[in-house]
Amino acid sequence: MYISSSPHIRKDWNVKKIMYGVVIALMPAFIGSIYFFGWRAAYLTFLSVVTAVLTEYLFQKITKRKITAFDGSAIITGILLAFNIPVKSPWWLPVVGSFFAILVAKQFFGGLGYNIFNPALAGRAFVMASWPQIMTGRWSAPLHGSISGIDGITSATPLNLLKLHATDPAVLSRINSPEMLKNLFIGNVGGCIGETSALLLLIGAIFLFVMRYADWRISVGYIGTVFVVAWIFYLTGLTPAGPLFHILSGGVFLGGLFMATDMVTSPVTPAGRWIFGIAGGLICMLIRVWGGYPEGVSYSILFMNMFVPLLDRVRPKYLGEVKK
Amino acid sequence: MKLLKFKGGVHPHDHKELSKSSQIMPVPAPEFVYVPLSQHTGAPSKPIVEKKAQVKKGTRLSEPVGFVSVPVHSPVSGTVMGIVPYYHPLGKKMDAIKIKVEGDEIEDGIGEERDYSNMKKEEMIEAIKMAGIVGLGGAAFPTHVKLSPPPDKPIDTVIINGAECEPYLTSDYRLMLERPDDIIKGTEIIRRILNPKRVVIGIEDNKPDAIQILREKVDGTGIEVVSLPARYPQGSEKQLIYAITGRKVPAGGLPFDVGCYVQNVGTAIAIYEALRFGKPLYERVVTITGGVNKPGNFLVPIGTPASHVIEQAGGVKGEVGKIIFGGPMMGLAQITDAVPVIKGTSGILIQLKNEVHIEDVYPCIRCSSCVDVCPMGLMPNMMEMLINAGKYEMAEKMGLMFCIECGCCSYVCPSKRPLVHTFKMGKREVLKRRKK
Ligand code: SF4
Ligand code: SF4
């Protein structure tokens with residue numbers, strides 16, 4: 001007979017189900033990446049995932065910890081890291097990035113549940129700092145489109161257009177065009193492996209929200225804020241691109257739907273999550289408009305990761321709490 | 001009046017279908033009964049019978065010690081074998097009166113109808129106390145204490161609790177179907193004692209037939225029957241008060257702080273029986289369910305070992321995994337089937353070996369599910385971390401002592417962390433330190 005504390009029934013889910021649920025939610029975008037960028041996208045993602053799982057396994061083996069490398073969380077890190085690099089990257093780039101993500105950003109902090117920074121984003125920041133020319137200079141066009149999303153302009157991704165060619169009248173006249181927005185939405189533009197298709201990311205994310213594997217508040221807060229701030233900036237002339245361009249370009253959907261919502265590295269209270277999402281979106285826009293980089297998604301989320309312990313103090317009032 | 005939604009809560013599968021259609025069946029007395037001297041919250045009662053004493057059904061066996069205490073009565077006729085330490089549902093051995101069952105005699109006067117319409121308030125309360133009545137919903141708090149609120153805290157709302165939100169349990173449901181008149185008569189007595197403005201019977205909407213019957217019966221009495229959305233823990237005192245009145249019991253306070261009185265439907269019947277028939281509380285309805293061959297609802301003499309009752313329900317269907325006194329969310333797993341049914345035992349749930357949840361415990365992944373479901377608005381993940389780090393004062397600041405141990409947090413935790421278990425231990429530790 002068993003003796004254990006109540007409750008004696010448990011909800012039918014667990015950590016593995018959540019993690020593999022997230023993996024499934026990333027599949028539409030993964031398949032899309034193969035369609036847009038060819039088999040190399042799958043190859044790099046595969047390398048990244050294998051490195052992540054293997055690194056976790058070996059670390060746990062060597063330090064004689066419980067082996068949890070197959071709980072799905074390392075797979076997510078592997079996929080997300082690959083999604084954040086260009087398809088023209090050399091094969092060793094995702095390997096190094098994943099290795100860093102798992103070893104330094106996750107295991108050195110104590111493993112699943114204890115890491116402060118989103119491992120994939122930390123890995124990306126590491127390769128970005130080490131090999132910036134690979135991370136920002138090598139774009140390839142999607143199968144049936146152009147890098148920029150506009151016919152005839154082949155040199156830059158949509159965000160680079162904004163940063164580097166924003167005064168060019170040919171760019172200005174078309175940056176908010178339906179053609180551009182459609183390509184951004186579908187994913188028919190240049191960019192990192194998994195970030196280009198807002199549509200496919202959204203399909204996966206809706207699954208996450210329905211299953212409660214991610215909290216919509218963070219995503220709505222993040223993407224909504226990018227939208228609103230972009231609109232204000234657009235109206236005041238601070239950016240030539242409209243709000244739709246801003247939310248659909250770069251990594252806003254990938255970051256706002258899949259990386260800001262990482263449970264371990266986001267706040268646990270509803271109020272904390274709103275603040276987390278909104279502040280993240282705001283920082284992203286500040287970087288895009290005034291920062292040195294064309295893109296601000298990953299840094300904005302990493303930055304907010306640091307404030308999570310603080311945001312967790314925004315605790316809800318308990319029932320009948322007496323105000324002091 | 002508009003119903004409010006309490007925050008949080010969960011929707012476990014209720015499995016009430018197992019036992020909900022079986023009528024309440026009396027259980028024949030076993031060979032021996034073990035009546036614990038402490039079956040209520042408060043001081044244990046003091047025995048007044050000696051070894052070899054002859055007792056009948058309803059004979060008083062003990063007397064209360066202090067105000068927050070009630071006596072126990074013999075559920076059978078027979079011979080007292082002595083006062084022995086015996087298994088108790090709370091998990092440790094406690095003094096119990098062991099009685100060998102012989103014959104079927106009942107104490108003089110019990111069962112005769114009497115007129116209580118002229119009884120004074122104090123007399124009624126005293127009668128309820130001496131009938132050994134406690135809250136039958138599970139907490140087993142002496143009823144007469146609740147019926148005597150301090151004079152500066154008048155009760156304006158009486159809530160009769162028929163929510164029965166614990167999965168599997170159907171004893172209150174059956175009482176509402178089979179004895180609605182007695183519930184209302186008991187409620188009327190409570191009304192006479194407390195003189196409230198409003199009397200409400202609250203029932204979860206997954207029991208539409210019970211709602212309908214009581215609605216018909218209350219016609220003309222001024223008592224309201226309210227259908228509550230089914231969500232665990234809707235039947236928990238504070239959540240129920242909030243849903244029905246919109247009042248929040250101050251943290252650490254009691255229902256009378258907001259002018260409310262909450263009592264379970266079964267207790268209302270016990271009150272009526274005590275005044276009308278002079279019948280003390282020596283038997284109660286218990287749902288026997290889960291992995292037994294014939295799940296059902298039984299009228300069980302207090303002190304009957306679980307094994308005997310389980311036999312009445314057709315025996316266990318396979319290998320026993322867990323014997324749970326109470327429901328699956330808050331019930332206590334027992335070490336043996338010798339443990340006796342007591343006043344607070346609303347159900348016995350048998351989980352078979354293959355139904356017992358044993359799952360890997362993961363580190364907290366900060367999914368926030370526990371925060372979302374906590375009906376008290378606490379942060380279980382943080383409190384667990386603090387308790388495990390020995391930071392009891394900080395856990396207390398986060399509201400640890402207001403945790404109602406409802407189990408919602410552990411229920412949803414994907415990492416399968418034993419949150420409630422940690423809180424129970426943490427609370428004990430805090431109380432220990434306060435005493436120093
Ligand atoms: S057991 Fe306590 S902490 Fe957990 S959900 Fe219930 S009240 Fe909240
Ligand atoms: S439900 Fe469990 S895993 Fe989720 S935050 Fe609470 S303790 Fe952590």
Side-chain angles (χ1 to χ4, degrees), chain A residues 1-19 21-22 65-66 68 71-73 109-116 211-215 217-218 261-273 308-309 312-324, chain B residues 6-7 10 12-13 167 238-239 242 248-253 320-324 326 328-336 349 351 356-360 362-369 371-372 375-379 381-382 398-399 402 405 407 410-416 418 420-421 424:
Chain A
M1 273 201 327
Y2 298 100
I3 310 295
S4 68
S5 199
S6 59
H8 307 284
I9 45 174
R10 297 297 183 96
K11 185 173 159 174
D12 176 30
W13 74 340
N14 53 41
V15 171
K16 268 194 184 162
K17 272 195 190 166
I18 296 177
M19 295 302 167
V22 176
R65 276 162 226 243
K66 204 169 135 201
T68 57
D71 63 15
S73 63
F109 279 89
L112 180 68
Y114 297 100
N115 49 304
I116 292 173
M211 300 300 286
R212 297 181 175 254
Y213 295 164
D215 190 0
R217 292 183 189 89
I218 296 176
T261 55
D262 170 28
M263 291 171 171
V264 175
T265 55
S266 57
V268 290
T269 68
R273 287 184 223 147
V308 167
D312 274 349
R313 297 199 175 185
V314 191
R315 85 173 157 75
K317 241 187 17 192
Y318 40 80
L319 185 69
E321 181 165 5
V322 195
K323 272 187 227 110
K324 285 204 193 103
Chain B
F6 69 88
K7 184 198 153 295
V10 293
H13 189 315
K238 290 174 183 176
Q239 280 63 36
Y242 180 70
K248 295 180 182 171
V249 178
V320 180
K322 264 190 197 175
I323 297 178
I324 299 155
M329 292 300 286
M330 289 187 76
L332 300 172
Q334 304 298 331
I335 48 171
T336 154
L349 167 64
Q351 278 184 343
V356 175
H357 287 250
I358 308 170
E359 289 174 278
D360 279 352
Y362 269 77
C364 167
I365 55 165
R366 300 174 42 81
C367 71
S368 84
S369 303
V371 181
D372 293 338
M376 293 306 288
L378 307 174
M379 291 179 72
N381 63 325
M382 292 287 186
M398 301 211 58
F402 311 131
E405 299 172 17
S410 298
Y411 173 79
V412 292
C413 178
S415 293
K416 311 294 166 187
V420 184
H421 181 68
K424 286 184 186 170

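Hydrogens, waters and symmetry mates play no part in the numbers below; they use all other heavy atoms, side chains included. Chain naming here is simple, since letters A, B, ... match the order of the sequence lines and numbering starts at 1 in each.
- Between K424(B) and S6(A), the closest side-chain pair of non-hydrogen atoms falls below 4.5 Å.
- Of all heavy-atom pairs spanning V264(A) and R366(B), the tightest one is O-NE, 2.8 Å.
- Counting heavy-atom pairs under 4.5 Å between each of G321(B), G252(B), P375(B), P167(B) and chain A puts G321(B) at the top.
- Between chain A and the residues P12(B), C413(B), P328(B), the most heavy-atom pairs under 4.5 angstrom are made by P328(B).
- Not one N or O on the side chain of H421(B) forms a donor-acceptor pair closer than 3.5 Å with the backbone of S4(A).
- Of the atoms belonging to L349(B), not a single heavy atom falls under 4.5 Å from chain A.
- With a 4.5 Å cut-off on non-hydrogen atoms, Y213(A) does not touch chain B at all.
- Contact count against chain A (heavy-atom pairs under 4.5 Å) is highest for I324(B) among V249(B), V320(B), V356(B), I324(B).
- In this structure, K238(B) and L319(A) have side chains that are in contact, with non-hydrogen atoms separated by less than 4.5 Å.
- When the ring-ring contact (aromatic ring centres under 6.0 Å, His included) test is applied to F402(B), the partners found at least two apart in sequence or on another chain are Y318(A).
- Of the listed residues (P414(B), G377(B), P363(B), G253(B)), the greatest number of heavy-atom pairs within a distance under 4.5 Å of chain A belongs to P414(B).
- Contact record, H8(A) with Q351(B): O-NE2, 3.0 Å, taken as the closest heavy-atom pair.
- Salt-bridge formation is not detected for the pair K16(A)/D360(B): no Lys NZ or Arg NE/NH1/NH2 atom is positioned less than 4.0 Å from an Asp or Glu carboxylate oxygen.
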Checking side chain to side chain contact (heavy atoms under 4.5 Å, CB included) for the pair S368(B)/R273(A): CA distance, chi angles, key distance, verdict? CA-CA 10 Å; S368(B) 84; R273(A) 287 184 223 147; 2.3 Å; yes
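- Across every non-hydrogen atom of Q334(B) and I3(A), the tightest pair is O-CD1, 3.0 Å.
- With rounding to the nearest 0.5 Å, the separation of SG in C364(B) from CG in L112(A) is 9.5 Å.
- Applying the 6.0 Å contact sphere to CZ of R212(A) captures no more than 12 heavy atoms from other residues, nucleotides or ligands.
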Under the criterion side chain to side chain contact (heavy atoms under 4.5 Å, CB included), I'd like the reasoning laid out for D312(A) against M382(B): C-alpha separation, chi angles, the key distance, then a yes or no. CA-CA 9 Å; D312(A) 274 349; M382(B) 292 287 186; 3.2 Å; yes
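- Both the backbone and the side chain of M376(B) come within contact range of chain A, each with at least one heavy atom under 4.5 Å from a heavy atom of that chain.
- Side-chain contact between W13(A) and S369(B) is present, with heavy atoms from C-beta onward closer than 4.5 Å.
- For a residue to count as touching a neighbouring chain, one of its non-hydrogen atoms must lie under 4.5 Å from one of that chain's; by this rule I18(A) touches chain B with the side chain only.
- Listed by chain and residue number, I218(A), F276(A) satisfy the side-chain contact (heavy atoms from CB on, under 4.5 Å) test with S266(A) (two or more places apart in sequence, or in another chain).
- Taking the side chain as every heavy atom from C-beta outward, K11(A) and V10(B) never approach each other to under 4.5 Å.
- A pairwise comparison of heavy atoms in Y411(B) and I9(A) identifies CD1-O, 3.3 Å as the closest pair.
- Residue Y114(A) qualifies as open at atom OH: its count of foreign heavy atoms under 6.0 Å is 12 or below.
- Ion pairing between D372(B) and R217(A) fails under the 4.0 Å rule for side-chain N and carboxylate O.
- Proximity to chain A is limited to the side chain of V371(B), based on heavy atoms less than 4.5 angstrom apart.
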